[in-house]
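Structure, as structure tokens:
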Amino acid sequence: MAGGDDLKLLGAWPSPFVTRVKLALALKGLSYEDVEENLYNKSELLLKSNPVHKKIPVLIHNGAPVCESMIIVQYIDDVFASTGPSLLPADPYERAIARFWMAHVDDKLVAPWRQWLRECFKGGGFFGGDGVGLVDVALGGVLSWMKVTEALSGDKIFDAAKTPLLAAWVERFIELDAAKAALPDVGRLLEFAKAREAAASK
């Protein structure tokens, strides 16, 4: 634990938003207590920690809760700036651009990939350049669920012929130690999705 910091993550393993936070924590090399929440019977700790939305993820840092996945990721990057890689660029303009594309990932995930990939890539292997940044974490958090969508729909999202930049990014991202540590298993997620679908159809 960095500097004696007490970190506790309230989440649920299938959540792509929780995965984002786990990615940031893994990239920074931070240890934390992983608290699995029952979303059908939310704990008093979760309800107290996020009284407005009552949702996961919540990161509790030395007793103080921080809510919303990408706010948490940016908080981690700010508070642990001297630990691990920086997820946001140092330059204020580049930080603004990263935040724009982070919001784009959240708001327009189904938008055409090629156009914004060309604009967002900085000539390195990741969206921030040579190292993983905020946009990589935003998109990486939903990566396992996108692979589940591929399996369920039969449509290929990560098609090297149609979206070579995205497909290449996926291959680089999933090989990261942080991604291996944080991303939920696609097979397990697929079983979870099928069980949810079966339960909903009853």
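Computation of the quantities below employed the complete heavy-atom set of this structure, encompassing side-chain atoms and omitting hydrogens, waters and symmetry-equivalent molecules.
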In one Ile/Leu/Val/Met/Phe/Trp/Tyr side-chain cluster, 4.5 Å: [X], [Y]:
X    : Y    : value
W145 : F173 : no
Y93  : W101 : yes
L176 : M146 : yes
I174 : V132 : yes
V186 : V142 : no

Any ion pair linking K180 and E175 (charged N to carboxylate O, less than 4.0 Å)?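 Here E175 pairs with K180 in a salt bridge, since their nearest N and O are under 4.0 Å apart.
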What pair of heavy atoms forms the shortest contact from [X] to [Y], and how long is it?
X    : Y    : value
G63  : P65  : O-CD, 3.7 Å
I60  : S49  : CD1-OG, 3.6 Å
V148 : A193 : CG1-CB, 4.1 Å
S86  : K28  : CA-NZ, 4.0 Å
G141 : T19  : O-CB, 3.7 Å
G131 : F126 : O-CB, 3.5 Å

Validation row: [X], [Y] side chains within 4.5 angstrom (heavy atoms):
X    : Y    : answer
R99  : L134 : yes
I56  : F17  : no
P57  : L9   : yes
V170 : L143 : yes
S43  : E37  : yes

Kindly say whether [Y] contributes a backbone atom to a donor-acceptor pair with the side chain of [X] at under 3.5 angstrom?
X    : Y    : value
N62  : D6   : yes
S144 : P184 : yes
D136 : G133 : yes
S15  : A12  : no
E150 : I157 : yes
W13  : V18  : no

Full working for side chain to side chain contact (heavy atoms under 4.5 Å, CB included) between L139 and L166: CA-CA 11 Å; L139 185 56; L166 179 60; 4.1 Å; yes
Going by side-chain contact (heavy atoms from CB on, under 4.5 Å), I76 matches just one of L59, L23, L7, L27. Which one? L59
Should we count NZ of K48 as having more than 12 external heavy atoms under 6.0 Å? no
Hey, is NZ on K42 packed in by over 12 heavy atoms from elsewhere, all under 6.0 Å?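 For K42, atom NZ is crowded (more than 12 foreign heavy atoms under 6.0 Å).
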Derivation and outcome, side chain to side chain contact (heavy atoms under 4.5 Å, CB included), residues L152 and L190: CA-CA 8 Å; L152 291 173; L190 184 58; 3.6 Å; yes
Applying ring-ring contact (aromatic ring centres under 6.0 Å, His included), name anything that partners Y75, two or more places apart in sequence or on another chain.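 Once residues adjacent in sequence are excluded, the partners of Y75 under the ring-ring contact (aromatic ring centres under 6.0 Å, His included) criterion are H61.
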Report the distance from atom [atom1] of [X] to atom [atom2] of [Y], rounding to the nearest 0.5 Å.
X   : Y    : atom1 : atom2 : value
K8  : Y32  : NZ    : OH    : 14.0 Å
N38 : E36  : CG    : CD    : 9.0 Å
L88 : M102 : CG    : CE    : 8.5 Å
R20 : L25  : CZ    : CG    : 14.0 Å
N50 : E68  : CG    : CD    : 7.0 Å
R95 : L87  : CZ    : CG    : 10.0 Å

Contacts of D185 meeting side chain to side chain contact (heavy atoms under 4.5 Å, CB included) (sequence neighbours excluded), chain-then-number -> R188
Centre-to-centre under 6.0 Å for W169 and F158, is that the case here?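 Not under 6.0 Å, so no.
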Plane angle bin for F100 and H104 - parallel if under 30°, tilted between 30 and 60°, otherwise perpendicular: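 H104 and F100: parallel rings.
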